[in-house]
> 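Before we start, here is the structure in question, set down as structure tokens.
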Amino acid sequence: MVGDLSLKFKSDIMVGMDEAKKKERYFPKEIEEKWQDKWQKENLYKFRGDSKKEKYYNLVELPYPSGDLHLGHWFAFTPADAHARYKRMSGFNVFFPNGFDAFGLPAENAAIKRGVHPQDWTMKNIETMKKQFSTMGTMIDWSHEVITCLPEYYRWNQWIFIKMFEKGLAYRGKALSNWCPVDQTVLANEHIENGKCWRCGSEVVQKEVEQWFLGITKYAESLIWPEEPKVDWPKSVREGQNNWIGRSEGMMLKFKISKKDGQSKLNMDEITVFTTRPDTTDGATFVVVAPEHPFAQQIGLENVKQYIKEAQKKTEMERKEEKVKTGVFSGEYAVNPVTGKEIPIWIADYVLATYGTGAIMAVPFADERDKDFAEKFDLPIEKTDFEAKPDGEKVVQYHLRDWSISRQRYWGTPVPMIHCEKCGIVPVPYEDLPVELPYNVDYTPKGKPPLATDEEWLNTKCPKCEGEAKRDAETLDTFFDSAWYYYRYVSSHYERGPFSEDEVRALMPVDVYFGGSEHTLGHTLYARFFTKFFKDLGLIGFDEFAKKRVQHGVILGPDGNRMSKSRGNVVNPDDIVKEYGTDAVRLYLCFMMPYEATAPWSTDAISGIYRFLHRVWDLRNKVEDGAKMDKNDLVFMNQTIKKVGDDLNSLEFNTAVSSLMTWLNHLEAKKAITMDECYVFIKILAPFAPYMTEELREKLGYKTSIHLEKWPEYDEAYLTGDKVTFAVQINGKTRDTVEIEAEYMADEDKVSQIVKESAKVSKYLEGKDIVKTIFVKGKIINFVVKN
RNA sequence: GCCCAGGUGGCGAAAUGGUAGACGCGCAACGUUCAGAACGUUGUGCCCUUAAAAGGCAUGGGAGUUCGAAUCUCCCCCUGGGCACCA
């Protein structure tokens, strides 16, 4: 009996103690759920357009609604959110919207696989992801949300497309295209990986397809980045885009076809070649044309016909992979305009039909490829001194090709065009927009566009002659959707145009655009193209849509490989949030490496962050009324305020977090801290850990949100302490460090005098002549000595 | 082949002409505990040294500029990304 009683008594005390301790302990889950609700109810993150503060447009690439936020999303969004929060605390009116890039193949593929309608699949995923976003604790204002698959958005895709059509920028053309036989669609070059479809991995084939193009090449010149652009974009992006556009200056040269026998059956007199090196024309010993060139088509020789046939069988991929050059002599000759000599004309597929004129002059002396060819077919090689001056037209050529924009798929923006037998292609009148995507359509692959199977939708009246006509059954590439969505954010429900020009004037251009490097040659280039087009339409007044572009790195799996389901190395953010809480995940993502870097996720290292948060949680227990701050404490505080602020501003998140840690170490070493120290610490931690800091502030007795607080100001007078440490060097080698009163930090003579008293230093100076003294204020004194 | 970004402890990384390795992980010893976990304290680049002091060596390799170089210049090697017969 007694034993039982004492046991009961003991365990009661234990439970009581645990409860008391529990209340004081940091439990992220409870706090985070509490504040998610509260922030939402209080509309804390609502953007106020009428504010007089300076605007700051913080933009992260809009996600694709795959149905799950992965660690990559967290890495893209949470440091960007910390930046946005800092900007807001430092007095800016921050606009941080988000949306979903909701059209596209994955929805259609998933739908086909699982028998769910793409729209239902997409909208359900968006719902799930928005919940996950609220866990993330960002200050995104969802009232400006854009979902690209909704008619209120794609209506304006159609509007823009028709404007482009009117300007001759959207046109119907036929082209040999990359065709995916499984997805039954045309693919852009960017969507082919090693000759295979980026989605389904099947072999891409070449097929002549009629399709819509956007004339981005008309903007090639204005899309070229200047040496020193006015906006802050990474060099890698600027140079990557410039290489992709591939501007080269050269000359069109005419080579007369030799007709000395007077019996040529050809219906052309000359071949025009493009060269960037007209100064080598005297070294041109033969001419080569592509198999598709009109000249080649006219040659009657059997072996030539055979060669052309075989070349056309090969895909562009196969041709590019070939290492050995092939070709055939046409039997005809041309005249070198500089030397007057007759030179043979060859047909070979190392010359591309789609670049320049599809014909070149071969200068084997100066060009590696021509040299290979000349050696293989025993053609002459003649020296050039690079001084030839042929007559020709100076031209600029671009590597960039027009953008194939139409897709033979269902889940996209319908092309707003009508095909009429009498009137040809007629745009849908503006007042009839949007052309809505019908819901009940058989979207399984049939070899023709799914929309073409919906007769009711397809058949319509021609807006011009009112006769029978058919709608265009193709849909737009989703890169069209994402090329201008950030304009739509500013007035996401605007009905009189794609965007309110007033709102754009007030909020654009974007101040910082966060995203991935995979969009260097696709999305960001198209976005710049649309911006130039909008400017030409007179809708906007600037040239570049984003003042600054930052590209985040990649978080690899713990094994150092890219995360993938097949490798089984996927780290699920939801699991980590469950274990450590959102604040820890956010803080760790900021801390683990620079934003631009690529490195593996470490499951262990986040525990250090978790420990840090627990220590912050307990910090207020050290606050005492009688606590004092000495000079050193003040310097620590002011330096940290400055460092964290500067780093958040310049997106150096990792060093910002580490300086918070250093200050915490200092505060913990003190017996007691002041309320000021505790409160300032919480404030400057707030952009990284919005939940915990909000909770702590409430515990300190405040009623309003910490996220509406102003960033603390630092005091210049306390950025340096009473003493500074000088490194004392002899011939550039540090031999000692000496503490000097701060008032002498700029006084070379005084510092020199104090420093020479050091035993270590005097040992090195003994018996030597000081030839020179180098003095760096507050840091270094270096004696250059000679024996 | 061309263009871009990199190469620093056992690991993630700081330092962008001025004390290399801040901060964090990991590891070790000690404390706490019946024990473990958690937590706390101290230590932790390498070599020499019982240890300390002192010294030497170290930022992919080699040269150079400089009083002083991870940082700037040149050559070479390696890794990641992009482009690639563009005349």
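Keep in mind the model is a prediction, meaning the values are calculated, not measured. Lettering of chains follows the sequences in order, A, B, ..., and the numbering in each one begins at 1. Heavy-atom basis, side chains included; hydrogens, waters and symmetry copies ignored.
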> Pick the P atom in B/C34 and in B/U19, then give their distance to the nearest Å.
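Each nucleotide's P atom is 49 Å from the other's.
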> Test for a donor-acceptor pair under 3.5 Å between the base of B/C67 and the side chain of A/Asn782, counting only N and O atoms.
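For A/Asn782, whose side chain was compared with the base of B/C67, there is a donor-acceptor pair (under 3.5 Å).
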> What nucleotide, of B/G18, B/G12, B/A87, holds the atom closest to the side chain of A/Phe591?
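Of B/G18, B/G12, B/A87, B/G12 is nearest to the side chain of A/Phe591.
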> Would you indicate, yes or no, if B/A22 has its OP1 or OP2 atom less than 4.0 angstrom from a side-chain nitrogen or oxygen of A/Thr655?
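False: A/Thr655 side-chain N/O out of range (4.0 Å or more) of B/A22 OP1/OP2.
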> For B/G9, decide between syn and anti, treating a glycosidic angle within 90° of 0 as syn.
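Syn, angle within 90° of zero.
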> Closest to the A/Glu239 side chain: B/C67, B/A14, B/C4?
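Given the options B/C67, B/A14, B/C4, the side chain of A/Glu239 is closest to B/C4.
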> Ignoring hydrogens and angles, are the base of B/G18 and the side chain of A/Gln729 linked by a donor-acceptor pair under 3.5 Å?
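It does, because a donor-acceptor pair links the side chain of A/Gln729 to the base of B/G18 below 3.5 Å.
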> Tell me whether the OP1 or OP2 atom of B/C67 has a side-chain N or O from A/Lys772 closer than 4.0 Å.
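Yes, such a contact exists.
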> Roughly, in whole Å, what's the span from CD in A/Glu596 to P in B/G80?
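Going from CD in A/Glu596 over to P in B/G80 covers 21 Å.
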> Toward the 5' end of RNA chain B, which comes first, A/Ala597 or A/Thr276, by nearest nucleotide?
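Here A/Ala597 is the residue nearer the 5' end.
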> A/His523 vs A/His519 aromatic rings, parallel, tilted or perpendicular, using cut-offs 30° and 60°?
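Rings of A/His523 and A/His519: perpendicular, over 60°.
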> How many Å lie between CD1 on A/Ile740 and P on B/G18, as a whole number?
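Rounded to the whole Å, the gap is 20 Å.
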> Decide whether a cation-pi geometry holds between A/Arg586 and A/Phe688; the criteria are a distance under 6.0 Å from NZ or CZ to the six-membered ring centre and an angle within 45° of the ring axis.
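Here A/Arg586 fails the 6.0 Å and 45° test against A/Phe688.
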> Check the pair A/Asn243 / A/His399 against side chain to side chain donor-acceptor pair (under 3.5 Å), numbers first and verdict last.
CA-CA 8 Å; A/Asn243 288 340; A/His399 169 208; over 6 Å; no
> To the side chain of A/Arg562, which of B/G81, B/A14, B/C83 is closest?
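So the nucleotide nearest the side chain must be B/G81.
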> How far does the C1' atom of B/A20 sit from the matching atom of B/G45, given to the nearest Å?
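Per the computed distance, 10 Å lies between those C1' atoms.
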> Would you say A/Tyr350 places a side-chain N or O within less than 4.0 Å of OP1 or OP2 belonging to B/A84?
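It does not, given that no N or O in the side chain of A/Tyr350 lies less than 4.0 Å from OP1 or OP2 of B/A84.
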> One thing to verify: whether A/Lys622 and A/Glu668 come together as a salt bridge, which I'm taking to mean a side-chain N less than 4.0 angstrom from a carboxylate O.
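Judged by the 4.0 Å cut-off on N to carboxylate O distance, A/Glu668 and A/Lys622 do not form a salt bridge.
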> How close or far is atom C1' of B/A22 from atom CG of A/Leu660, stated in whole angstroms?
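Result: 14 Å.
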